[in-house]
Amino acid sequence: MKKVVKFGGSSLASAEQFMKVGGIIKADEERRFVIPSAPGKRNKKDTKVTDMLYDCYGAAEEDKPYQEQLKAIEDRYEEIIKGLGLELSLKEEFKTISANFKKKAGRDYAASRGEYLNGIVMAAYLKFTFIDAAEVIFFDEEGVFDAAKTDKVMSERLEKEEYAVIPGFYGSQPDGSIRTFSRGGSDITGSIVAKAVHAEVYENWTDVSGFLIADPRIIPNPVGIDTITYKELRELSYMGATVLHEDAIFPVRKEGIPINIRNTNAPEDNGTWIVESTCQKSKFVITGIAGKKGFCSVNIEKDMMNAEIGFGRKVLQAFEDSGISFEHVPSGIDTMTVFVHQDEFMDKEQKVVSAIHRLAHPDTIDIESDLALIAVVGRGMKSTRGTAGRIFSALAHANVNVKMIDQGSSELNIIIGVRNEDFEAAIRAIYNIFVLVQI
Ligand code: ASP
């Protein structure tokens, strides 16, 4: 059996954290493949090594002095190495990095050094084989991740290894240059490795005990989620719940490998299991609530619209032509509303409005700004009557005016549009009616 374990930056920010991680890995001999992030923040005011690298490289790129900044990064690793009592020197590595900065090896190269060096330290500490991600993770000439080549090379390589450390976040392009995933991308590396070795589980260790039903900045001490399906998670993370990089789901999902989100600082907690499907009912009818502010609704009216074939296409064409993606399109008999991100839409507003007039000849167009969307997600909704009713009565009691309702046909989620200023009150009301009354 194989487990792939990924540790986030805060789990590896200091020697002390490294020791916790070492304890977790050694506690289970099936934890064979380890994916480290770069050292993160040791306290709130601290800076992540990745951000230090971006800054330092920024100076090098502008031909400004950068040695001092690079020294500060070296010191962070030195402190960890010393704290762990390792016989390891990164002097040569830093010489190479400095020379490559001078040669302007690229921002991605610079940022990737955070996980690269941390991988070397981790491998030395655990006495595992170090595998440079540039040798097993590939991107094409355009910088698009090459899943097929990666899977082939990675699985062949890891077959030969019993225990290995593969740094997260980066890989290489055909010309040998380094390419990173987007920020937080070590989660993706972990998922790719888990797929390649057909792991039994992909454990993603971070500084929280999994997903919470709602945002703790809005609900104090919300209940945690035990089990969530990939689909539910996708809905929630799209709507702003962050713990795991969105793209980390895809490689393991195809293989049916579950992800277990765990807390390095509380390893006894079970965390959250992310699975393809489950017969396990969630504790509550809903699995989670998430949402985002900053939407605009464009309300288009035209008499007899429902009888006009192609009206919807023409309206959406106006948005497409301006490069704007839409979020939701609830419609009535003679109305159709398009929800878009306000910041994307603002500059192009008049262009879109005139295009709608030109293409679809509506009677009126009405724009409303400063709206928020809230997703109430739960696989349990399918088999429970009255979920929507409970949501709306809770919102009515909280004096929240509902601007839009959209229930996906999968019955997995209900999306509610409210004013930005009602956002927090709406989330509290929904949490209270489904969760608080039951505990
Ligand atoms: N170190 C990178 C970042 O800060 C990648 C990661 O941590 O996953 O975004």
Side-chain angles (χ1 to χ4, degrees), residues 4 6 8-9 33 35-38 40 48-62 66 73 93 96-120 130-158 165-197 202 204 234 237-238 242 244-255 320 323-325 341 343-344:
V4 169
K6 181 256 166 184
F33 300 107
I35 320 300
S37 282
K48 283 174 151 199
V49 164
T50 310
D51 292 318
M52 294 168 89
L53 284 161
Y54 278 126
D55 274 355
C56 178
Y57 185 73
E61 213 174 20
E62 290 175 20
Y66 61 89
I73 297 166
E93 294 290 351
T96 312
I97 293 171
S98 179
N100 286 334
F101 274 28
K102 203 172 234 137
K103 279 193 255 165
K104 306 194 176 152
R107 254 173 78 78
D108 281 15
Y109 166 79
S112 75
R113 296 306 87 185
E115 340 315 89
Y116 170 79
L117 295 166
N118 227 17
I120 294 178
F130 171 75
I131 298 176
D132 185 351
E135 293 168 18
V136 283
I137 297 222
F138 303 101
F139 294 83
D140 67 14
E141 288 85 357
E142 265 83 58
V144 178
F145 172 59
D146 186 340
K149 183 174 173 193
T150 299
D151 196 50
K152 185 168 180 295
V153 176
M154 174 95 75
S155 54
E156 279 170 13
R157 178 70 207 270
L158 295 184
V165 174
I166 307 112
F169 193 36
Y170 72 94
S172 60
Q173 286 185 270
D175 65 357
S177 62
I178 297 293
R179 176 91 194 181
T180 62
F181 293 109
S182 57
R183 294 299 304 264
S186 299
D187 285 341
I188 308 174
T189 309
S191 183
I192 292 166
V193 175
K195 173 178 157 55
V197 302
Y202 167 26
N204 189 297
R234 184 113 175 82
S237 42
Y238 181 71
T242 53
L244 187 72
H245 193 296
E246 242 194 306
D247 295 340
I249 291 176
F250 301 108
V252 283
R253 182 175 179 176
K254 278 198 193 134
E255 301 289 309
E320 185 181 342
I324 292 173
S325 66
H341 280 277
D343 53 356
E344 263 178 45

Inset, instruction - Write down the atom of E115, the atom of S186, and the distance for their closest heavy-atom approach. - result: OE2-OG, 3.2 Å
Legend entry - Mutual orientation of the aromatic rings belonging to Y57 and F101 [parallel < 30°, tilted 30-60°, perpendicular > 60°]: perpendicular
Inset, instruction - Evaluate the side-chain proximity of K6 to V193: yes if any heavy-atom separation is below 4.5 Å, no if none is. - result: no
Inset, instruction - Using a 4.5 Å cut-off on heavy atoms from C-beta on, say whether the side chain of Y202 contacts that of D187. - result: yes
Legend entry - Under 3.5 Å donor-acceptor, S191 side chain and A248 backbone: yes
Legend entry - Interatomic distance, T150 atom OG1 to F145 atom CZ [nearest 0.5 angstrom]: 4.0 Å
Inset, instruction - Report yes or no: is the cationic atom of R253 (NZ for Lys, CZ for Arg) closer than 6.0 Å to the six-membered ring centre of F250, at no more than 45° off its axis? - result: no
Legend entry - I137 CD1 to S112 OG distance, which is reported to the nearest 0.5 Å: 12.0 Å
Inset, instruction - Specify the closest pair of heavy atoms between C56 and I73, including all atoms of both residues, with the distance to one decimal. - result: CB-CD1, 4.2 Å
Legend entry - NZ/NE/NH1/NH2 to OD/OE distance under 4.0 Å, D140 and R179: no
Legend entry - Note, I97 side chain near L117 side chain (heavy atom, < 4.5 Å): yes
Legend entry - Residue pair V49 / N118, side-chain heavy-atom distance below 4.5 Å: no
Inset, instruction - Evaluate the side-chain proximity of Y116 to F130: yes if any heavy-atom separation is below 4.5 Å, no if none is. - result: yes
Legend entry - Rounded distance (nearest 0.5 Å) linking atom NZ of K254 with atom CG of D151: 9.5 Å
Legend entry - From E141 atom CD to D146 atom CG, the distance as rounded to the nearest 0.5 Å: 9.0 Å
Inset, instruction - Check whether any side-chain heavy atom of E246 lies under 4.5 Å from a side-chain heavy atom of R234, and answer yes or no. - result: yes
Legend entry - Side chain to side chain, F138 and S172, heavy atoms closer than 4.5 Å: yes
Legend entry - Residue pair S182 / H245: nearest heavy atoms and the distance that separates them: OG-NE2, 2.8 Å
Inset, instruction - Of all the heavy-atom pairs spanning I192 and F181, show the shortest one and how long it is. - result: CD1-CZ, 3.7 Å
Inset, instruction - State, to 0.1 Å, how close G114 and L53 come at their nearest heavy-atom pair, and which atoms those are. - result: N-CD1, 3.3 Å
Inset, instruction - Assess whether atom NZ of K102 is packed by more than 12 heavy atoms of other residues, nucleotides or ligands within 6.0 Å. - result: no
Inset, instruction - Say whether D132 and Y170, considering side chains only, have a donor N or O and an acceptor N or O under 3.5 Å apart. - result: yes
Inset, instruction - Could you tell me the separation between the CG atom of D108 and the CZ atom of R113, rounded to the nearest 0.5 Å? - result: 11.0 Å
Legend entry - side-chain contact (heavy atoms from CB on, under 4.5 Å) between L158 and V136, worked out: CA-CA 9 Å; L158 295 184; V136 283; 6.0 Å; no
Inset, instruction - Keeping the roles fixed (side chain from T180, backbone from F169), state whether a donor-acceptor pair exists under 3.5 Å. - result: no
Legend entry - Candidate pair D51 and R183, rule side-chain contact (heavy atoms from CB on, under 4.5 Å), full reasoning: CA-CA 10 Å; D51 292 318; R183 294 299 304 264; 3.0 Å; yes
Legend entry - Closest non-hydrogen atom pair, A194 against V252: CB-CG1, 3.7 Å
